[in-house]
Protein chains: 2
Amino acid sequence: MKLDAVDVRQAASAADIVYEALRKAIIEGALAEGENLRQDQIAQMFNTSRIPVREALSRLEQHGLITTQRYKGAVVAGLSIEEIEEIFEFRALIEAEVIRLAVPNLDRKTLDLARRHCDEFGKESDSSKWGETNRNFHYGLYEAARRPYYLQIVRASLDRIDRYLRAQLTLTDGMKRAAREHEAILDACVRGNADLASLLTRDHILDAGRSLVVFLRDQRG
Amino acid sequence: MKLDAVDVRQAASAADIVYEALRKAIIEGALAEGENLRQDQIAQMFNTSRIPVREALSRLEQHGLITTQRYKGAVVAGLSIEEIEEIFEFRALIEAEVIRLAVPNLDRKTLDLARRHCDEFGKESDSSKWGETNRNFHYGLYEAARRPYYLQIVRASLDRIDRYLRAQLTLTDGMKRAAREHEAILDACVRGNADLASLLTRDHILDAGRSLVVFLRDQRG
DNA sequence: AGATTGTATATTGGATCCAATATTTCTATG
DNA sequence: CATAGAAATATTGGATCCAATATACAATCT
């Protein structure tokens, strides 16, 4: 008998599970900005004690997804318009560089997959899935850059603002524009034009940021 | 009666204290790569229980300063040459941009302070302090960019490789070159030449990275 | 009534205890 | 003596308990 080697030691701890679940809930917007995160309540939801919950909350705070006050607990972090602008500016810088590094390494298989993600994003009607298809499209290409550290940062920075982005895409027609921009980026990638792909990615992110800021200014008054 | 308002609630928790102490020990190289971090041992050192220690370790892992294995514990993370190269490349990208954004906002006071840090770095004979003066010099200038998110990332990325950098500066004469490059960067800042300051910062970091890689290849065989 | 103080409740931070797993030591056996 | 297996020890992950603090609410005073 032969089985795939599975490293049992990598089985997730309770803290890992809680962390991932809360992270997902926050970036998807299931937990609203400012919402209280009670340790007891979360512990019960996961059938565990508060210890792993506290560990998860501590990690989330390090990533800026929640804020905590001693003896007062944790709330889902809210970002000011300025903070959101900064993060988009940052993402534009990093992701433009990542795609530039990725283009020379793109192979047929990766491009085909990106094409499918791109189409999926354009056709997807379920707004709750846009966030995922968007990530799949971009990250699929980014992987080719072979820069794990960059990707880690990219992921963390997207996590911070994903919630707002999803809300905006759902409530406006911004995703049509995003879909067109994805087409253009993918096209540049297929042609092997790294500089163009980089420029388009930069603009794609800055555009999204500007639209989001307009949307939020309107929403917040 | 009128007293200064002090926010007592900001008093650090045990986990915060342990986290900061371990972070400092790791980036200064007091804890060697691969060294075991026993929860009990650390808890005793800080006169506390293992709970806050575990929280601190969990945070350190999120920042990549340690790696942990379930039921086996934590060790100080080691970086491969490739990982170190990637982080230097990343730092060059970010910090070049940060200094570019900072230059237009630099005022007399900040420049004077940077001058003092620059001189201090050049004259300091105690090698254990180079890491701090180096950070003081760069961060003092970076603050003017008014980009807290960028700075957070800059700090985290420097944390990852600071240990190696300090070892190299101590064992080679690399810091003379670094001191000259600091002078040039500061000079560009004083003149208000953002593009030059950016370029010099980029080269300063890439140079340091290349020297470090040579040093490590030699050391590791 | 409105402000202020005291008390009860809720919640977090941390200590101690137990279970699960890894590592080491010891022992039996060839 | 070397080695496989078992027992002992060490270490981590998690649950429960207690202390510290915050919040909500009632009682009191002006």
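Every chain is numbered from 1 and lettered A, B, ... according to where its sequence line falls, protein lines coming before strand lines.
- Rounded to an integer number of Å, the gap from A/Q44 CD to D/dT16 C1' is 14 Å.
- Aromatic pair B/H117/B/H182: centroids not less than 6.0 angstrom apart.
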So if I define the base as every atom that isn't primed, P, OP1 or OP2, how would nucleotides 5-13 of chain D read as a B/S/- string at a heavy-atom cutoff under 4.0 Å? ------SBB

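- Taking the ring pair (Phe, Tyr, Trp, His ring centres under 6.0 Å) definition, one finds that A/Y142 meets it with A/H138, sequence neighbours left out.
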Could you give me the CA-CA distance, side-chain angles and deciding distance for B/E120 and B/F137, then say whether side chain to side chain contact (heavy atoms under 4.5 Å, CB included) is met? CA-CA 9 Å; B/E120 201 180 332; B/F137 172 69; over 6 Å; no

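- Aromatic rings from B/Y149 and A/F90 are positioned such that their centres are separated by under 6.0 Å.
- With A/R50 as the partner, the side-chain hydrogen bond (donor to acceptor under 3.5 Å, both in side chains) test is satisfied by one option alone out of A/E55, A/Q39, A/Q44: A/Q39.
- Ionic pairing of B/R147 and A/E89 is present here: one or more N-O contacts between side-chain nitrogen and carboxylate oxygen are shorter than 4.0 angstrom.
- Residue A/R202 places its CZ atom among 12 or fewer non-hydrogen atoms of other residues, nucleotides or ligands, all under 6.0 Å distant.
- Under the 4.5 Å side-chain criterion, counting only non-hydrogen atoms from C-beta, A/L111 is in contact with A/L186.
- Within residues 55-67 of chain B, no residue has any heavy atom under 4.0 Å from DNA chain C.
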